[in-house]
Amino acid sequence: MPENPPARFRRLRALGAGVALTAVAFLAFGAASPASAVVVPDSYDTAALIAAPTSVSVGDTITVTAVFTGLVDAYAYELDIAYDPELLAFVADSDILPSGGFGSATDSGSEIAVAATRLGTSPGLTGTQTLATLSFTALDAGDASLAIASGRIVDSAAEPFTVDPAAASTSTTVEITADGDSEPGPGDGGSDGSDPDPDPDPDSGSGSDSGSGTGAGTTTDGSLAVTGADAAPWLILGAGAIAAIAAGTVIAVRRRTR
């Protein structure tokens, strides 16, 4: 039965080929699976749009900053910051961007398009960074909203990452009040509440009613002293009385001497 060994060998060879094919396929997929399972890290952790102050009057200036945390190799980025043009006006050339790169801020009337990139061998931005600082002027009373409408961050390998505009921290509101909304304080537009004396006491020793002639003055109790003119009749009567008393005394003496 010489044909049996070749048949067995043929079956073994077929089985071996199948196992080899399975092994090759397993290695191929196994080698590829780690690469496909690699998770590309996010380019940032959080993004926040911050306005200061959050309560202003018409005509005041508001500073708005876009702050990102956990940045990983942010070599270039684009941010579109929307604002309410009825209540806010962008202050031209007020944008401040990170040093070591080039950037611009373009106002479309309701949105500021910020674009920036690093230059030459400057490393990408990492950690917590303020990617844009903008200034606005309050135009009218109301609640003015601002938000990061869209954005993209690109690393040094030209890999783009999208900024999530749905995050709650990417929007903010500024309360604007009119100049005339504040209530005047006590005494505004009128007197200070003091009650001047409309009828000064004529018996008072102060003021311009005091005499300036000889003999005029003020007593310690505030009553006016008697002037020389007022005392003249009394002095005459007193002198007459003294003379009468003296004459009576002389007559009495003469009678005694007799």
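Every residue was checked against the side chain to side chain donor-acceptor pair (under 3.5 Å) condition with Asp95, not counting sequence neighbours, and none meets it. For Ser94, there are no side chain to side chain donor-acceptor pair (under 3.5 Å) partners at least two apart in sequence or on another chain.
Sequence neighbours left out, the pairs with a member in residues 145-157 that pass salt bridge (charged side-chain N to carboxylate O under 4.0 Å, His left out) are Glu78-Arg152. Residue pairs meeting the salt bridge (charged side-chain N to carboxylate O under 4.0 Å, His left out) criterion with at least one member in residues 105-129, sequence neighbours excluded, do not occur.
The two atoms that bring Gly142 and Leu87 nearest to each other are C-CD1, 3.9 Å, heavy atoms only. The two residues Gly100 and Ser122 come nearest to each other via the heavy atoms O-OG, 3.4 Å. Closest approach of Ala141 and Ala178 over heavy atoms only: CB-N, 3.8 Å. Closest approach of Ile112 to Ala105, counting heavy atoms only: CG2-CB, 3.9 Å. When all heavy atoms of Asp84 and Glu86 are compared, the pair lying nearest together is OD1-N, 3.0 Å.
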Would Asp164 and Tyr44 count as a side chain to side chain contact (heavy atoms under 4.5 Å, CB included) here? Give the steps.
CA-CA 10 Å; Asp164 182 13; Tyr44 70 97; 3.8 Å; yes
Pair Tyr75, Thr117 - check side chain to side chain contact (heavy atoms under 4.5 Å, CB included), show working.
CA-CA 6 Å; Tyr75 194 82; Thr117 181; 3.9 Å; yes
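Hydrophobic clustering, with ILVMFWY side chains joined whenever heavy atoms are under 4.5 angstrom apart, groups Leu49 together with Ile153. One hydrophobic cluster, built from ILVMFWY side chains closer than 4.5 Å, holds both Tyr83 and Ile176.
With values rounded to the nearest 0.5 angstrom, Ile81 atom CD1 is found 13.0 Å from Ser110 atom OG. Distance OG/Ser104 to CG/Leu97: 7.5 Å, rounded to 0.5 Å. How far OG of Ser43 is from CG of Leu71: 7.0 Å, rounded to the nearest 0.5 Å. The CG atom of Leu146 sits 11.5 Å away from the OG1 atom of Thr170 when rounded to the nearest 0.5 Å. Between atom CZ of residue Phe90 and atom OG of residue Ser108 there is a gap of 11.0 Å, rounded to the nearest 0.5 Å.
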Please tabulate, for side-chain N and O atoms in residues 55-69, each donor-acceptor pair with protein atoms closer than 3.5 Å (sequence neighbours left out).
{"from": "Asp60", "atom 1": "OD2", "to": "Ser57", "atom 2": "N", "distance (Å)": "2.9"}
{"from": "Thr69", "atom 1": "OG1", "to": "Thr46", "atom 2": "N", "distance (Å)": "3.2"}
{"from": "Thr69", "atom 1": "OG1", "to": "Thr46", "atom 2": "OG1", "distance (Å)": "2.4"}

Sequence neighbours left out, cut at 3.5 Å: what donor-acceptor pairs do the side chains of residues 131-139 make with other protein atoms?
none

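Checking side-chain atoms of Asp73 against main-chain N and O of Ser156 turns up a donor-acceptor pair under 3.5 Å.
Counting only heavy atoms from C-beta outward, the side chains of Pro98 and Tyr77 approach each other to under 4.5 Å. Here the side chains of Ile148 and Asp80 are not in contact, with every heavy-atom distance at 4.5 Å or above.
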